[in-house]
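Everything below concerns the one structure shown next.
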Amino acid sequence: MNKVSVIIPIYNAGKKLGKCLNSIIRQTYTNIEIIIVNDGSTDQSLNICKKFKNKDSRIKIINKKNEGSIKARSTGIKNASGDFIMFVDADDWVDKKIVECLYNELIKNNCDIVVANMYSVLGDRALIKKKNNSDYFKMDKLFEGDQVKSELVRAYLYGHPFPASLFCKLYKKNILINGGKYLDRIHFLGDDLFYNIEVFLNSNKVKVINKPLYYYRMGGFTSKYMPYHFYDIVNGYEIQKEVIEEYYNDTKNDEYKGISIMLLNSFKTSLYNLISSDFNENEIKDYIRTYVENKNILEAIENEGSKIYFEDEYLQSIKNKNIDYLYNIGESIYKKSKMKRLVKKILSIANIL
């Protein structure tokens with residue numbers, strides 16, 4: 001059996017960490033190393049990890065200062081001794097056969113990546129769970145050669161429901177080691193997406209299996225202000241443009257429609273993000289004024305795909321710098337998300353009890 005390295009970046013995972021680690025040490029495929037990258041946690045996460053390490057010698061703990069998920073995962077990859085790598089988020093958990101199933105599929109089909117389906121869940125008991133029922137998971141399917149680029153990577157240019165996350169996938173280590181050229185341009189948002197775009201473009205075979213083997217805790221909108229949100233979405237758009245110019249020259253007009261719509265949808269989230277900050281109304285409007293001057297935003301509103309997809313009032317508000325209108329969009333999203341967070345919190349608490 002070849003060794004599989006399971007990498008878990010953690011930052012203040014707290015009580016959720018125990019369920020995650022238990023699900024990994026109980027894997028039916030036993031030739032694994034468990035690399036925990038403690039990204040400067042300030043709660044009891046490190047102590048919890050040490051207790052598990054005392055019970056299982058396969059666990060390796062790496063302590064580092066808080067630098068974010070990108071560098072935490074990179075640290076894990078550099079310290080991995082396995083030929084294959086799987087990522088798990090510290091507040092999620094996995095089926096006891098996930099490594100065995102993904103490894104067997106990868107070896108049998110000589111794949112570079114294997115992707116499993118997953119459940120989105122509320123609470124520790126997963127009494128409320130939702131399987132990904134998109135077309136990508138209707139059946140097990142092997143994607144080879146140009147199919148990877150035309151069917152899977154292309155989904156990342158349109159916001160299609162093919163998972164952009166690094167978790168719930170098993171990778172050959174060599175394709176991860178040689179990847180990551182876009183990540184120094186992203187602070188946080190979209191790091192999984194842009195890593196996967198590069199890695200999938202360099203893959204010859206990808207197997208997608210319908211069976212859900214990963215339990216992802218639903219969080220919904222975060223109420224925490226992200227200072228680099230707008231920076232990340234416009235830089236992500238520029239990365240996607242580079243990918244299109246290099247790999248999709250024959251269909252680039254269609255691909256530009258996809259990334260323009262994605263950017264302008266994300267721009268609404270940037271407006272919401274500002275409302276969730278501690279800035280006052282005037283400060284928020286000053287930020288919006290700088291946002292609507294951005295060349296990528298202005299380019300996206302002129303795209304034909306955007307003109308079909310969005311209401312003209314929204315596009316014109318950006319073009320004409322109607323700051324009050326855009327402020328109200330952010331405020332409306334914030335109010336709706338506040339109610340969603342409350343409902344999910346109630347359901348999660350009820351599920352735990």
Side-chain angles (χ1 to χ4, degrees), residues 4-11 35-37 39 62 64 66-80 82-90 92 102 106 111-116 118 132 136 143 148-149 151-208 214 216 226 228-229 231-248 255 258-259 262-263 266:
V4 174
S5 299
V6 181
I7 298 173
I8 313 162
I10 66 166
Y11 177 73
I35 302 176
I36 300 171
V37 183
D39 191 36
I62 301 172
K64 61 184 293 297
N66 180 244
E67 295 177 288
S69 59
I70 295 175
K71 290 192 176 180
R73 290 192 183 111
S74 177
T75 298
I77 294 169
K78 289 174 183 175
N79 285 274
D83 296 314
F84 308 97
I85 289 178
M86 186 176 80
F87 297 97
V88 179
D89 282 0
D92 301 332
L102 296 186
L106 189 147
C111 295
D112 296 297
I113 307 169
V114 181
V115 184
M118 70 177 188
N132 187 336
Y136 297 101
F143 295 83
V148 178
K149 183 185 82 169
E151 298 185 47
L152 298 183
V153 180
R154 198 164 183 256
Y156 293 148
L157 304 176
Y158 283 78
H160 288 174
F162 181 68
S165 56
L166 288 171
F167 59 73
C168 211
K169 298 175 175 67
L170 183 66
Y171 301 86
K172 282 185 177 178
K173 181 182 176 180
N174 66 301
I175 62 170
L176 291 176
I177 287 287
N178 296 323
K181 67 180 181 180
Y182 302 124
L183 297 185
D184 61 348
R185 294 157 64 181
I186 298 294
H187 280 80
F188 172 75
L189 187 72
D191 53 326
D192 288 23
L193 169 65
F194 299 114
Y195 203 173
N196 270 323
I197 283 179
E198 182 187 2
V199 167
F200 273 74
L201 282 170
N202 291 321
S203 300
N204 293 315
K205 284 187 181 181
V206 177
K207 180 69 180 288
V208 177
Y214 192 99
Y216 166 74
M226 295 179 285
Y228 296 107
H229 188 281
Y231 174 93
D232 280 347
I233 68 168
V234 295
N235 278 280
Y237 174 79
E238 291 185 349
I239 291 169
Q240 289 173 313
K241 284 173 63 175
E242 292 173 20
V243 170
I244 290 169
E245 294 297 327
E246 184 174 356
Y247 294 96
Y248 296 91
E255 319 308 343
I259 67 170
M262 284 180 66
L263 176 60
S266 297

Search all heavy atoms of [X] against all heavy atoms of [Y] and return the closest pair with its distance.
| X | Y | result |
| --- | --- | --- |
| L152 | Y136 | CD2-CD2, 4.1 Å |
| A155 | F162 | CB-CB, 3.9 Å |
| V148 | F200 | CG1-O, 3.3 Å |
| I35 | A80 | CD1-CA, 3.5 Å |
| P9 | A90 | O-CB, 3.7 Å |
| I77 | I7 | N-CD1, 3.5 Å |

If a pair satisfies side chain to side chain donor-acceptor pair (under 3.5 Å) and one of its residues is in residues 185-194, list it, with sequence neighbours excluded.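 As it turns out, the side chain to side chain donor-acceptor pair (under 3.5 Å) pairs with a partner in residues 185-194, which skip direct neighbours, are S69-D191, R73-D191, R73-D192, R185-E242.
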Give the ring-plane orientation class for Y231 versus Y228, where under 30° counts as parallel, over 60° as perpendicular and anything between as tilted.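 Judged by the thresholds at 30° and 60°, the geometry between Y231 and Y228 is perpendicular.
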Take K169 and N196, measure what side-chain contact (heavy atoms from CB on, under 4.5 Å) needs, and give me the verdict at the end. CA-CA 10 Å; K169 298 175 175 67; N196 270 323; 4.1 Å; yes
Check whether any side-chain N or O of T75 sits under 3.5 Å from a backbone N or O of K71 as a donor-acceptor pair, and report yes or no.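 Yes, the answer is positive, given that a donor and an acceptor are paired below the 3.5 Å cut-off.
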Between the side chain of N202 and the main-chain N/O of E198, is any donor-acceptor distance below 3.5 Å?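 Side chain of N202 to backbone of E198: a pair is present.
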Minimum side-chain heavy-atom gap [X]-[Y] below 4.5 Å:
| X | Y | value |
| --- | --- | --- |
| V243 | Y248 | yes |
| D83 | K173 | no |
| I186 | I239 | yes |
| K205 | F143 | no |
| I62 | N79 | yes |

Looking at [atom1] of [X] and [atom2] of [Y], how far apart are the two atoms once the value is rounded to the nearest 0.5 Å?
| X | Y | atom1 | atom2 | answer |
| --- | --- | --- | --- | --- |
| S165 | Y216 | OG | OH | 8.5 Å |
| I8 | F87 | CD1 | CZ | 11.5 Å |
| I177 | K172 | CD1 | NZ | 14.5 Å |
| L176 | F84 | CG | CZ | 11.5 Å |
| D112 | L170 | CG | CG | 11.0 Å |
| Y11 | N66 | OH | CG | 5.0 Å |

So, Y214 and N132: side-chain donor and acceptor under 3.5 Å apart, yes or no?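 No pair is found: no donor N or O on one side chain lies under 3.5 Å from an acceptor on the other.
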So, using side chain to side chain donor-acceptor pair (under 3.5 Å) as the criterion, who are the partners of S203 when residues are at least two apart?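 With sequence neighbours excluded, S203 shows a side chain to side chain donor-acceptor pair (under 3.5 Å) to no residue whatsoever.
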From CA spacing to verdict: side-chain contact (heavy atoms from CB on, under 4.5 Å), K149, L201: CA-CA 6 Å; K149 183 185 82 169; L201 282 170; 3.8 Å; yes
Step-by-step side-chain contact (heavy atoms from CB on, under 4.5 Å) determination, Y156 to Q240: CA-CA 9 Å; Y156 293 148; Q240 289 173 313; 5.7 Å; no
I'd like to know if D39 pairs up with K64 as an ion pair, taking the criterion as any Lys NZ or Arg NE/NH1/NH2 lying under 4.0 Å from an Asp or Glu carboxylate oxygen.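 So D39 pairs with K64 through a salt bridge.
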Mind running side-chain contact (heavy atoms from CB on, under 4.5 Å) on N235 and Y182 for me, showing each step along the way? CA-CA 10 Å; N235 278 280; Y182 302 124; over 6 Å; no
Return each pair, listed once, that meets salt bridge (Lys or Arg N to Asp or Glu O under 4.0 Å) where at least one residue sits in residues 154-164; pairs must be two or more places apart or across chains.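 Output for this query lists R154-E255.
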Which one of I113, V4, V206, V114 satisfies the side chain to side chain contact (heavy atoms under 4.5 Å, CB included) criterion with L106?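 The passing option is V114.
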